[in-house]
Amino acid sequence: MSSSENKLVKDFEKVIWLFRDKSLPEEQMNYWRQKLSESQELKKYFNETTYSLNYYSKSSEFDIDTSKFSKMIDIATNKKTFWQSISKFIKSIIDRKKLQPYYGKLVLSLAILIIFITTLLLTHNPFKKLNQNNSPLDWDAKTITAQIEEIEYSIDELNADQQEKELLDIENIVRRMGKIFKEKKL
């Protein structure tokens, strides 16, 4: 599909619903009819959309019961605040008839909570094992700077030693060449 056809299809996507309902002004309706007759891609898109709409409108599988739909809308538009929802939840928990089967679980949960809070209050550092050793992350800028400077100095010394060695090698080569020339002149 060329870019012009692609643009045409995208433009048609914006007005396809009005075109299907014949709600566009007559001039635009004629324009899109002409484009549908000229462009195979546009015609294909329109036919696929029409087929899909017809298929889903005939299918009873997607019908929602009115009461379910109303309940979904009520839930979506519920204007209760967070605190109102929490207070309603707490009130439902306090209701003795609903709470009775959960007494054992509630007592066990409260006991565990009390033990946990007591442990937190009595121990100096309750999460000591959870704390990781952060020493690799701790650093002193002066120490690091000194270490970097030491490395730079060592590199400079290596470079100086290398240069000295190269100069000595050149000096030895020049001496040997000098000896060779002296021997040949004689």
Side-chain angles (χ1 to χ4, degrees), residues 1-3 5-24 32 41-155 158:
M1 178 170 20
S2 70
S3 62
E5 284 185 334
N6 192 15
K7 185 180 181 323
L8 186 67
V9 170
K10 288 201 180 289
D11 290 342
F12 188 62
E13 284 177 1
K14 296 175 186 174
V15 296
I16 190 169
W17 306 108
L18 297 172
F19 181 80
R20 279 184 44 87
D21 293 340
K22 297 181 175 118
S23 300
L24 287 173
W32 287 114
E41 291 296 323
L42 189 63
K43 190 172 188 174
K44 180 181 172 186
Y45 173 76
F46 180 70
N47 290 338
E48 287 174 353
T49 305
T50 304
Y51 174 78
S52 298
L53 290 172
N54 290 337
Y55 175 78
Y56 288 115
S57 66
K58 291 177 185 175
S59 176
S60 62
E61 185 176 323
F62 299 100
D63 286 342
I64 298 176
D65 191 22
T66 305
S67 62
K68 288 182 182 179
F69 180 75
S70 297
K71 187 176 181 180
M72 289 189 309
I73 296 298
D74 289 341
I75 290 171
T77 59
N78 189 359
K79 304 252 188 236
K80 288 185 180 178
T81 65
F82 175 74
W83 296 112
Q84 289 173 336
S85 300
I86 295 293
S87 69
K88 182 180 177 184
F89 176 71
I90 292 172
K91 286 177 185 175
S92 69
I93 288 178
I94 295 176
D95 186 14
R96 292 193 183 266
K97 290 179 184 176
K98 291 181 182 177
L99 189 63
Q100 195 170 11
Y102 302 105
Y103 279 145
K105 293 177 185 176
L106 183 64
V107 169
L108 180 63
S109 299
L110 288 174
I112 291 172
L113 184 64
I114 290 170
I115 291 170
F116 180 72
I117 290 173
T118 305
T119 305
L120 283 175
L121 294 174
L122 294 178
T123 57
H124 176 63
N125 191 356
F127 299 110
K128 189 172 189 175
K129 290 185 179 180
L130 295 178
N131 290 341
Q132 296 179 353
N133 185 3
N134 290 333
S135 61
L137 301 177
D138 294 338
W139 57 279
D140 181 18
K142 291 179 183 177
T143 305
I144 291 175
T145 304
Q147 290 172 345
I148 291 173
E149 287 173 356
E150 184 179 327
I151 291 170
E152 287 175 350
Y153 179 73
S154 299
I155 291 171
L158 287 173

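Start at 1 with the first residue, then count along the sequence.
For Lys7, the salt bridge (Lys or Arg N to Asp or Glu O under 4.0 Å) test picks out Asp11, with sequence neighbours left out. Ser67 is linked by a side-chain hydrogen bond (donor to acceptor under 3.5 Å, both in side chains) to Asp65, counting only residues two or more places apart in sequence or in another chain.
Note: Ile117 CD1 to Ile112 CD1 = 12.5 Å, rounded to the nearest 0.5 Å. For the atom pair CG of Leu53 and CH2 of Trp17, the computed distance is 4.0 Å after rounding to the nearest 0.5 Å. Here the CG-OG1 distance, from Leu113 to Thr118, works out to 9.0 Å after rounding to the nearest 0.5 Å. Distance check, rounded to the nearest 0.5 Å: CG of Leu120 to CD1 of Ile115 gives 12.0 Å. Note that CD of Glu41 and NZ of Lys43 are 12.5 Å apart. Values are rounded to the nearest 0.5 Å. Note that CD1 of Ile114 is 11.0 Å distant from OG of Ser109, once rounded to the nearest 0.5 Å.
In terms of heavy-atom proximity, Leu8 sits nearest to Leu42 at CD2-CD2, 3.9 Å. The nearest pair of heavy atoms linking Asn54 to Arg20 is OD1-NH2, 4.5 Å.
Relative ring orientation between Trp32 and Phe12 is described as tilted, the plane-to-plane angle lying within the 30° to 60° band.
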